[in-house]
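One structure below.
The figures that follow rest on heavy atoms only: side chains count, while hydrogens, waters and symmetry mates do not. All of these numbers come straight from a predicted model, not from anything done at the bench. Just so you know, residue 1 is the first one in the sequence shown, and it goes up from there.
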Amino acid sequence: MTGLAAASLAVSIAVAGAGVPAQAAETRRPTSTANAQVFAVDWISLTVAVAGYLVGGGGGGGDLQAAIREIKLAIEQSKTEIIAQIDAIAAAEVEACLEAHTIEFLNIDFMDEFTLRSWAQNATNCATQASAFAGAVQSPQAVDKIGFVLGPIFAIVLAARAQAGFLNGTDLVLQSQIRGYEAVVTKLTPTNCQLIVISEGSAFYEKWWTCTAYNGDVGRSSPCFGRNCQPNRATAETQATRNTSRPVAVVALPRLRAVLP
């Protein structure tokens with residue numbers, strides 16, 4: 001993508017995100033059952049398996065095909081829930097391309113070589129656009145919805161690129177997914193946190209953090225005791241965001257970075 005094209009995409013995504021009320025995505029929030037179904041699949045392991053083949057220059061043979069078959073099966077079993085997540089994204093262009101590529105991936109075995117290569121390129125563009133959207137919007141609801149679908153859409157993209165024989169550019173695809181997950185972690189980290197301190201004279205101190213995520217869930221760190229103790233705020237942040245896409249992003253980031261050449 002040229003610098004001009006990338007800049008134009010960033011502007012168009014930022015404008016689209018700014019024009020959507022924060023509550024728009026929330027009104028179509030998928031159920032917790034749908035969230036659980038999407039996350040029941042270890043998308044990052046599937047992505048890493050295919051990415052490792054591509055980064056390694058194409059070696060892998062049967063292992064690659066087994067990984068691609070697993071992605072196809074996972075999409076087939078989870079497509080209804082994935083689409084439910086996609087339908088909650090308050091950006092029509094991103095929503096449309098993600099849904100279309102999730103559906104069309106199931107027809108990958110019936111595509112001729114030309115169609116497959118063209119479709120793999122279009123799917124790559126869609127996934128990178130979704131990642132850029134996560135970085136551009138400010139609404140935590142919108143970021144959360146994108147975070148739920150980054151795993152499946154990038155698994156689709158890497159499987160499609162492997163089938164099409166596209167070895168080059170895998171590092172750029174992974175970097176795009178990493179940027180998306182970084183945005184998810186940053187923007188869903190609770191800012192509403194309080195350090196609670198209980199003291200009785202100078203003899204007893206108990207401290208802990210409480211954090212509230214954007215969706216209202218509350219997390220609390222383990223208490224520590226003593227005047228100079230420091231409770232772990234990150235524990236409260238993690239617990240507060242347990243029902244968002246942030247925990248998956250936190251786990252995914254080091255694994256994706258490890259694949260990069």
- Item | Audit row: Q65, Q163, side-chain contact (heavy atoms from CB on, under 4.5 Å) steps and yes/no | CA-CA 9 Å; Q65 293 306 316; Q163 286 284 77; 3.6 Å; yes

Is [Y] close to [X] at the side-chain level, that is, under 4.5 Å between some pair of heavy atoms?
| X | Y | result |
| --- | --- | --- |
| T47 | L256 | yes |
| W43 | F154 | no |
| L64 | L54 | no |
| T210 | C193 | no |
| D109 | N107 | no |
| C211 | N192 | no |
| R161 | V157 | yes |
| T241 | D217 | no |

How would you list all residue pairs meeting disulfide (SG to SG under 2.5 Å) that involve [range], not counting sequence neighbours?
| range | result |
| --- | --- |
| residues 136-186 | none |
| residues 91-184 | C97-C126 |
| residues 135-185 | none |
| residues 226-261 | C224-C229 |

- Hey, could you give me each pair passing side-chain hydrogen bond (donor to acceptor under 3.5 Å, both in side chains) that has a residue in residues 167-186? Not counting sequence neighbours.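 Found E182-R257.
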
Got a sec, which hydrophobics cluster with [X], joining ILVMFWY side chains under 4.5 Å apart, including via others?
| X | result |
| --- | --- |
| I198 | I196, W208 |
| F166 | none |
| I83 | I103 |

Would you compute the distance between atom [atom1] of [X] and atom [atom2] of [Y] and round it to the nearest 0.5 angstrom?
| X | Y | atom1 | atom2 | value |
| --- | --- | --- | --- | --- |
| T191 | E237 | OG1 | CD | 9.5 Å |
| L106 | H101 | CG | NE2 | 13.0 Å |
| D87 | E99 | CG | CD | 4.5 Å |
| R242 | Q239 | CZ | CD | 5.5 Å |
| I82 | I75 | CD1 | CD1 | 4.0 Å |

[X]: partners by salt bridge (charged side-chain N to carboxylate O under 4.0 Å, His left out), with sequence neighbours left out:
| X | value |
| --- | --- |
| K79 | E76 |
| K187 | none |
| E104 | none |
| R255 | D42 |

For [X] and [Y], which heavy atoms make the closest approach, and how far apart are they?
| X | Y | result |
| --- | --- | --- |
| T235 | R220 | CG2-O, 4.4 Å |
| I89 | V149 | CD1-CG2, 4.1 Å |
| V259 | G52 | CG1-N, 4.1 Å |
| G180 | A134 | O-CB, 4.2 Å |
| A67 | V50 | CB-CG2, 3.9 Å |
| G147 | V184 | CA-CG2, 3.7 Å |

Connected via hydrophobic side-chain network under 4.5 Å: [X] and [Y]:
| X | Y | result |
| --- | --- | --- |
| V55 | L260 | yes |
| V251 | L150 | no |
| L73 | L158 | no |
| I153 | L172 | no |

- Query: side-chain contact (heavy atoms from CB on, under 4.5 Å) between T244 and Y214: does it pass, once the steps are laid out?
  - Reply: CA-CA 9 Å; T244 72; Y214 85 89; 3.9 Å; yes

- Item | Stepwise side-chain contact (heavy atoms from CB on, under 4.5 Å) check, N232 with W209 | CA-CA 7 Å; N232 190 341; W209 281 100; over 6 Å; no

- Verify whether one side chain among T189 and R246 offers a donor that lies under 3.5 Å from an acceptor in the other.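 Short answer, yes.
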
- Check the side chains of D144 and S245 for a donor-acceptor pair under 3.5 angstrom, ignoring hydrogens and angles.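 Side-chain D/A pair, S245 to D144: present.
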
- Query: Judged by atom type as modelled, is there a donor-acceptor pair below 3.5 Å linking the side chain of S118 to the main-chain atoms of F114?
  - Reply: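 No, because the side chain of S118 does not come within donor-acceptor range (under 3.5 Å) of the backbone of F114.
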
